[in-house]
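This one's a predicted model, so the numbers in the text were calculated from it and none came from an experiment.
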Amino acid sequence: MSILELAGRALAEESARFARLGWMRGTSGNLSVVLGRAPLRVAVTVSGRDKGELTSDDVVVVDEAGLAVADQPHPDKVPSAEAGLHARIAAVSGAGAVIHVHALAPVVAAEHWPDGVELRDLEMLKGFGRAAHDDLVTIPVLANGQDMRVLGDAFEAGFRADTPAVIVARHGIYVWGDDLRHARHRLECLEWLLRFRVETRLVSEERGAR
């Protein structure tokens, strides 16, 4: 089995997992893995497919700009619209995999804290690669847009190597790691942290209203 086939299988399996969680509703969201770096080549899930029904063939190889390369088994397939941002994140961060889902908690958190979502003194931060105490973690929030070059520039301007995630306001979240499993673990922990932040804010508001 080729590297691309293995990547396609892994991407399909992880996409199905996130679809079951309700984080990739309809055809939303996309995942990618890096195949090579000189030049940069990224395998990204195809556009317009139910992410719970992907097969190992539902993958496209793109370049550093997120454009499909000619030398691949399915050059006619269309990569996800956000492929350019996946490639930019991989290039800047050195990540081996990038996950983009439409989980609700990150989007709601960005509504409350559009300048960045602050997290601290929570045990689950360890799963995100940060300390559980005395470590202020700020998840950056980018304004949504359809131009991946603009989003990529905004991401790179605020990039911090110790914060492997970014929220796109009213859209979704990107999390990355050494490989798909590593990125998934980070995402699972961060989704919990953001949900905690949102729900405890609501509790505080309710107490203040009494």
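Panel note: side chain Lys51, backbone Gly29; a donor-acceptor pair is recorded below 3.5 Å. Side chain of Ser80 to main chain of Ala83: no donor-acceptor pair is present (N/O by atom type, distance under 3.5 Å, no hydrogens or angles). With Asp178 contributing its side chain and His182 its backbone, the two residues share no donor-acceptor pair below 3.5 Å. Side-chain atoms of Arg37 come within 3.5 Å of backbone N or O of Gly94 as a donor-acceptor pair.
The shortest side-chain heavy-atom distance between Val59 and Leu11 falls under the 4.5 Å cut-off. Annotation: side chain of Leu4 is in contact with side chain of Leu35 (closest heavy-atom distance under 4.5 Å). You'll find the side chain of Val78 stays beyond 4.5 Å of the side chain of Val46, heavy atoms only. Proximity of Met124 to Phe196: side-chain heavy atoms (C-beta onward) are nowhere separated by under 4.5 Å. No side-chain heavy atom of Val62 sits less than 4.5 Å from a side-chain heavy atom of Val69. With contacts defined as side-chain heavy-atom distances shorter than 4.5 Å, the pair Val42/Val61 does not qualify. Inter-residue side-chain proximity for Thr45 and Leu54 is flagged as met; some heavy-atom pair is nearer than 4.5 Å. Annotation: side chain of Ser56 is not in contact with side chain of Glu5 (no heavy-atom distance under 4.5 Å).
In this structure, CG on Asn144 lies 6.5 Å from CG on Leu151, to the nearest 0.5 angstrom. Here Glu156 contributes atom CD and Ser93 contributes atom OG; the two are 10.5 Å apart, rounded to the nearest 0.5 Å. In this structure, His112 NE2 and Leu194 CG are separated by 11.5 Å, a value rounded to the nearest 0.5 Å. In this structure, CD on Glu199 lies 13.0 Å from CZ on Arg201, to the nearest 0.5 angstrom. Atom CZ of Arg186 and atom CD1 of Ile99 lie 10.5 Å apart (nearest 0.5 Å). The distance from the CG atom of Asp153 to the CE atom of Met148 is 11.5 Å, given to the nearest 0.5 Å.
When each of Thr27, Asn30, Asp58 is checked for a side-chain contact (heavy atoms from CB on, under 4.5 Å) with Arg49, only Asp58 meets the rule.
Here Arg181 does not pair with Glu14 in a salt bridge; the nearest charged N to carboxylate O distance is not below 4.0 Å. Under 4.0 Å is where a charged nitrogen must lie from a carboxylate oxygen, and between Arg160 and Asp162 at least one such pair does.
The minimum heavy-atom distance between Ala169 and Val141, with the atom names listed, is CB-CG1, 4.0 Å. The minimum heavy-atom distance between Val98 and Ala90, with the atom names listed, is CG2-N, 4.4 Å. Nearest heavy atom pair, residue Ala43 against residue Ala7, reads CB-CB, 4.3 Å. Taking every heavy atom of both residues into account, Ala91 and Leu40 meet most closely at CB-CD2, 4.1 Å. The heavy-atom pair separating Ala103 from Pro106 by the smallest distance is O-CD, 3.3 Å. Scanning all heavy atoms of the two residues, the minimum distance from Gly177 to Ala183 falls at N-CB, 3.7 Å.
Tracing side-chain contacts under 4.5 Å through hydrophobic residues (I, L, V, M, F, W, Y), one reaches Phe18 starting from Leu193; they form part of the same cluster. Residues Phe159 and Ile167 do not share a hydrophobic cluster, clusters being chains of Ile/Leu/Val/Met/Phe/Trp/Tyr side chains in contact below 4.5 Å. Placement of Val198 and Trp23 within a single hydrophobic cluster is found when ILVMFWY residues are connected by side-chain heavy-atom separations under 4.5 Å, directly or transitively. Leu187 and Val107 are not part of a single hydrophobic cluster, where members link through side-chain heavy atoms under 4.5 Å apart. Hydrophobic clustering of Ile, Leu, Val, Met, Phe, Trp and Tyr side chains at less than 4.5 Å, counting indirect connections, unites Leu31 with Val175.
Not less than 6.0 angstrom separates the ring centroid of His185 from the ring centroid of Phe128. Here Phe155 and Trp176 bring their ring centres to under 6.0 angstrom of each other.
More than 12 heavy atoms of other residues, nucleotides or ligands shown are found within 6.0 angstrom of CG on Leu6. In the displayed structure, Asp147 atom CG is contacted under 6.0 Å by more than 12 heavy atoms of other residues, nucleotides or ligands.
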Output, in order, the C-alpha distance, side-chain angles, deciding distance and verdict of side-chain contact (heavy atoms from CB on, under 4.5 Å) for Leu125 and Asp135. CA-CA 9 Å; Leu125 280 166; Asp135 183 13; 5.9 Å; no

Determine, step by step, whether Arg41 and Glu64 satisfy the side-chain contact (heavy atoms from CB on, under 4.5 Å) criterion, reporting the C-alpha distance in whole Å, the side-chain angles of both residues, the deciding distance to 0.1 Å, and the verdict. CA-CA 7 Å; Arg41 291 292 182 263; Glu64 69 281 354; 4.2 Å; yes

Given the rule in the side-chain contact (heavy atoms from CB on, under 4.5 Å) test, do Leu142 and Val166 qualify, once you have shown the distances and angles that lead to the verdict? CA-CA 7 Å; Leu142 306 181; Val166 64; 3.5 Å; yes

Run the side-chain contact (heavy atoms from CB on, under 4.5 Å) check on Ile173 and Leu190 step by step: do they pass? CA-CA 10 Å; Ile173 188 168; Leu190 183 55; 3.6 Å; yes

What do the steps show when you test Arg25 against His102 for side-chain hydrogen bond (donor to acceptor under 3.5 Å, both in side chains), and what is the final call? CA-CA 8 Å; Arg25 297 177 184 273; His102 290 194; over 6 Å; no

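Ring planes of Tyr174 and His100: parallel class, angle under 30° (limits at 30 and 60°).
Side chain to side chain, Thr163 and Arg130 meet the donor-acceptor criterion of an N or O pair below 3.5 Å.
The cationic group of Arg197 lies under 6.0 Å from the six-membered ring centre of Trp113 and within 45° of the ring axis, placing it in a cation-pi geometry.
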